[in-house]
Amino acid sequence: MSINVTAQPPFNITRASHVCLTVRDLAASRHFYTEVLGLVVSSEENGVLYLRGIEEACHHSVILRQAQGEPSCDYIGMRVASPDDLTKAEAWVAGIGGRAERVTRPHQGPSLLVTIDPATPRVELCASMELVPRLLADYPLQKGGKALRLNHYQCVVPDVDRSAGHFGALGFRPSKFTTEIETGKVVSIFMHRKNDPHDLVLARGAGPRLHHFAFVVSDLQAMLRAADTASFYGYGRQVEHGVSRHGPPNGVFLYFRDPDGHRIEFILPPMQFMDPEEVPNAWDSTQGPSLIPWGDGPPQRWREEATPFSGLNSGAAYEGRWLPKI
Ligand SMILES: [Fe+2]
């Protein structure tokens, strides 16, 4: 693998933290996210819904913004350690020819919207966020899958080596990657800043697009309860893929599609991946079946459909094969 990872990044990103999506019917989305997934509403203001998992102590991890037109992702959010990191981020982005814009967001401290390049997911960096109560012990309030906390994003990009190179320069370490056996180019890569295998997964495809964002749930029963609740409310066909297991991160998963087609993954608490001497799992594009050790692979819609990023050309062409055929 040719992606360089620095141990001394120019500024300190700490974790995946919040995602902002557009939706066509905020009431329908509210119903799905609260009753099926089990997120809780932190606030609703001016056509924008702010949600969080029941374990989360910061105001929001999902922002749903009512808008006309094709549902899209405005940005994926990452926390930084301090406001000073945003100043350093501005200098780094300017140095690579990207665009960084200071933004004022409700319930957030200093924030910076970053477009690294047109073929890489747009990222909002956030230095602090308003605190709210954790609701882990508020049992009567917990519904559906009782989603605990946001864990990671998976995005499809036309050139994984290029986009992953940017995040490697920001200290994102790979925990797993798959290379195309004919060319040696990276087909997919799991990268992380916190102490588990993934904050950001990049996979080859027309993009940039958001393939899914993932929440941790407590156990299998929470996944099944969310699926049963989805069925009860008529969302049964939106339980898209799983329950099954990703091989390398030892992760059990279940995927849902929300009323606008945005994809949400539920995962069990992932393994720890933290110490600097740990080496990533390396796979090649002939090993697809090992990535899902039992059961069928994903349906075709899982392989092809994803959410475009607002204002970016999400159809940028790519060369070579996409995810290994499973
Ligand atoms: Fe995932």
Side-chain angles (χ1 to χ4, degrees), residues 15-19 21 33 37 39 53 61-62 73 75-78 121 123 145 147-157 160 163-164 167 172-178 186-205 207-220 222-223 226-227 238-258 261-273 280-281 283 288 290-299 301-307 309 322-324 326:
R15 67 177 178 91
S17 64
H18 60 294
V19 59
L21 305 164
Y33 278 82
L37 303 183
L39 298 184
S61 53
V62 176
C73 175
Y75 51 83
I76 56 175
M78 304 274 181
V123 177
L148 293 174
R149 61 184 182 276
L150 183 72
N151 179 263
H152 68 266
Y153 315 107
Q154 179 166 327
C155 296
V156 285
V157 295
V160 177
S163 293
F167 288 97
F172 282 69
R173 294 174 58 220
S175 63
K176 183 213 128 188
F177 62 90
T178 305
V186 177
V187 181
S188 67
I189 186 167
F190 289 36
M191 307 187 85
H192 75 111
R193 287 292 294 166
K194 64 179 180 304
N195 64 341
D196 71 24
H198 30 38
D199 288 285
L200 178 64
V201 177
L202 297 171
R204 184 188 291 170
R209 293 178 296 162
L210 176 66
H211 185 270
H212 66 261
F213 56 101
F215 270 84
V216 176
V217 297
S218 59
D219 50 34
L220 273 173
M223 290 188 181
Q238 292 165 228
V239 182
E240 183 180 57
H241 178 33
V243 175
S244 190
R245 180 183 294 278
H246 291 306
N250 201 37
V252 172
F253 64 81
L254 179 62
Y255 292 92
F256 298 88
R257 303 294 291 273
D258 81 0
H262 303 306
R263 184 180 290 105
I264 303 98
E265 181 185 25
F266 273 3
I267 58 171
L268 297 187
M271 61 181 258
Q272 179 168 291
F273 193 94
N281 282 287
W283 300 72
S290 302
L291 299 174
I292 307 263
W294 41 262
D296 287 338
R301 61 175 174 163
W302 187 97
R303 298 170 61 82
E304 294 180 349
E305 297 174 4
T307 298
F309 278 87
W322 191 52
L323 290 174
I326 295 172

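In each ligand, atom 1 is the first atom listed, and ligand 1 is the first ligand listed.
When side chains are defined from C-beta on, K176 does not count as touching H246, because their heavy atoms never get closer than 4.5 Å.
With respect to R257, the side-chain hydrogen bond (donor to acceptor under 3.5 Å, both in side chains) criterion is satisfied by exactly one of H212, E240, Q238: E240.
Taking backbone and side chain together, H246 holds no N, O or S atom under 2.8 Å from the Fe ion (ligand 1). Residue side and main chain included, H198 places no N/O/S atom under 2.8 Å of the Fe ion (ligand 1).
Using cut-offs of 30° and 60° on the angle between ring planes, the pair F215 and F213 is perpendicular.
If you look at E265 and ask which of its N, O or S atoms sits nearest the Fe ion (ligand 1), the answer is OE1.
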Apply the test side chain to side chain contact (heavy atoms under 4.5 Å, CB included) to residues K194 and N151: give CA-CA distance (whole Å), side-chain angles for both, the deciding distance (0.1 Å), then the verdict. CA-CA 10 Å; K194 64 179 180 304; N151 179 263; 3.5 Å; yes

